Number of protein chains: 2
Amino acid sequence: MTRKPASVRRQDLVEAGLRVIAREGMHGATVRAIVAEAGVPLATFHYIFASRDEMIGAAYAYISEVPGTGAALPEDASVEDVVRASFLRWFERFLEHPEYELAIMEIMAYCSRTPSLAHLPGKVQEHYLEALGELLDHVREQLGITAPAMPTREVATLVLHATDGLTYAWLRTRDSEASRRWIEAVVPMLAAALGDER
Amino acid sequence: MTRKPASVRRQDLVEAGLRVIAREGMHGATVRAIVAEAGVPLATFHYIFASRDEMIGAAYAYISEVPGTGAALPEDASVEDVVRASFLRWFERFLEHPEYELAIMEIMAYCSRTPSLAHLPGKVQEHYLEALGELLDHVREQLGITAPAMPTREVATLVLHATDGLTYAWLRTRDSEASRRWIEAVVPMLAAALGDER
DNA sequence: CTCCATCTCGGACGGCTGTCCCAGACGGCA
DNA sequence: TGCCGTCTGGGACAGCCGTCCGAGATGGAG
């Protein structure tokens, strides 16, 4: 086995762990399955992590560091057009790897059940809201919105709840067409909150 | 042990299973933990269920049979008032046992990972939408709404996504005040969809 | 009362789990 | 070159897992 510093091994294992959880679920993500995915011997795992829980926590924290969807806006777009395009782009990316969103949901549930990890979901949410807020501010600037109907933070909350609701519902039904219809209905509401007052 | 017909034992075990999942999570809901909760010997479990998975499926199906929140409307209420009151009542009930919603989320994830149970989440969602639709029609009738802005089914979808989003987000943050603020922002949108056109 | 379907229940099975120990191999620095 | 901190990796541990067996208790039907 090629010799690697612990920090690199750590990231390898975290990424392998996420792949296994996405493929097999939290139930099948045993230490042995993860080291097999990473191609390292079993004992390496506990050389890097004190426990399996620590690794799960590291994986959950790792997730929220992945960057959001950067946006490239068309020239003469309305607020509604921009919101629709952004939301749909997020959704299409979601559809490429829905099992990852299921994995994130499972990890969240596991963390909130585990005392030593219970603080993480709140931090992840905070990270989401911050990243979303920056994105929204950027969009508002580009669209020349000067008298917003709602503070950025509140709009970010609105959007996050929307993606959360869509994620949960889609994972139950796997009905992408229904999801797109729902997006179509929600976009005007989000656009109204993002745009200028009245 | 008092002698009971299999059908009653079955329900006992399902309810005990739900209690254990709500308390310990799917991870801790072992067959042994469930029979201990129900107060029956281990072998009884496999006398009733062919496998643990079968019991999980039965538990998930059992959930969607629990009735929704019946509503008692005030006399001269606006559409918005009714929507707000209904949503807040649902939320207060949610807050009484949030660990049950977490349990349902975990069961949903587990089912959608397990081939023999993968069809259940879709059925549960269908059941939700149907029950919600009936409730909404009832509300519309009482409020004298004759030219709805949106078909019932679509409004039900809107509401379900809203509760899903709130559930997911609250479970991360456990911030009830933020949730109430979000409800306040969403209620007008839902009311507009529920009420008469324009 | 007798019979038999139904239900109870202690115990055991192999397999898998997270964690740990310890000997050994590597490779940068003195 | 020799040393020593860093990393590798085989193997083992106790414990828990889902599932199964088979003998015994029960109680309503005939």
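Worth saying up front: this structure is predicted, and the values here are computed from it rather than measured. Note: hydrogens, waters and symmetry copies are ignored here, and every other heavy atom, side chains too, is used.
Counting to the nearest Å, the P atom of C:dC22 and the OH atom of A:Tyr47 are 17 Å from each other. As rounded to whole Å, 19 Å separates atom P of C:dC16 from atom CZ of A:Phe45. Here the P atom of nucleotide C:dT6 and the NZ atom of B:Lys4 are 19 Å apart, to the nearest Å. Rounded to a whole Å, the CD atom of A:Glu24 is 11 Å from the P atom of C:dT17. Between B:Met55 atom CE and D:dT19 atom C1' there is a gap of 16 Å when expressed in whole angstrom units. Atom CD1 of B:Ile48 and atom P of C:dT6 are 12 Å apart (whole Å). The CZ-C1' distance, from B:Phe49 to C:dT8, rounds to 16 Å in whole Å.
Between A:Ala50 and A:Gly28, the residue anchored closer to the 5' end of DNA chain C is A:Gly28, taking for each the nucleotide with the nearest heavy atom. Summary of the strand contacts: B:Arg3 and B:Asp53 both lie near DNA chain D, and taking for each the nucleotide with the nearest heavy atom, the more 5' one is attributed to B:Asp53.
In this structure, a donor-acceptor pair under 3.5 Å is absent between the side chains of B:Asp164 and B:Thr167.
Candidate nucleotides D:dG10, C:dC7, C:dA12 were compared by shortest atom distance to the side chain of B:Leu42, and C:dA12 ranks first. Closest to the side chain of A:Val31, out of D:dG18, D:dC7, C:dG18, is C:dG18. Ranking C:dT17, C:dA12, C:dT19 by closeness to the A:Arg52 side chain, first place goes to C:dT19. Of the candidates C:dC9, C:dT6, D:dC7, the closest approach to any side-chain atom of B:Ala43 belongs to C:dC9. The side chain of B:Arg32 approaches C:dA12 more closely than any other nucleotide in the set C:dA12, D:dT8, C:dT8.
Side-chain rings of B:Phe87 and B:Phe91 stay apart, their centers remaining 6.0 Å or farther from each other.
The environment of CD in A:Glu130 is sparse: at most 12 heavy-atom neighbours from other residues, nucleotides or ligands sit within 6.0 Å.
Both tests pass for A:Arg52 against the ring of A:Tyr110: distance under 6.0 Å to the centre and angle within 45° of the axis.
Salt-bridge check for A:Arg153 with A:Glu126: passed, with a basic side-chain N closer than 4.0 Å to an acidic carboxylate O.
Among the protein residues, B:Thr2 comes within range of the sugar-phosphate backbone only, with heavy atoms under 4.0 Å from sugar or phosphate atoms but none that close to a base.
Here A:Thr44 does not reach the OP1 or OP2 of D:dG9: none of its side-chain N or O atoms lies under 4.0 Å away. For A:His46 and C:dC20, the shortest distance from a side-chain N or O to OP1 or OP2 is not below 4.0 Å.
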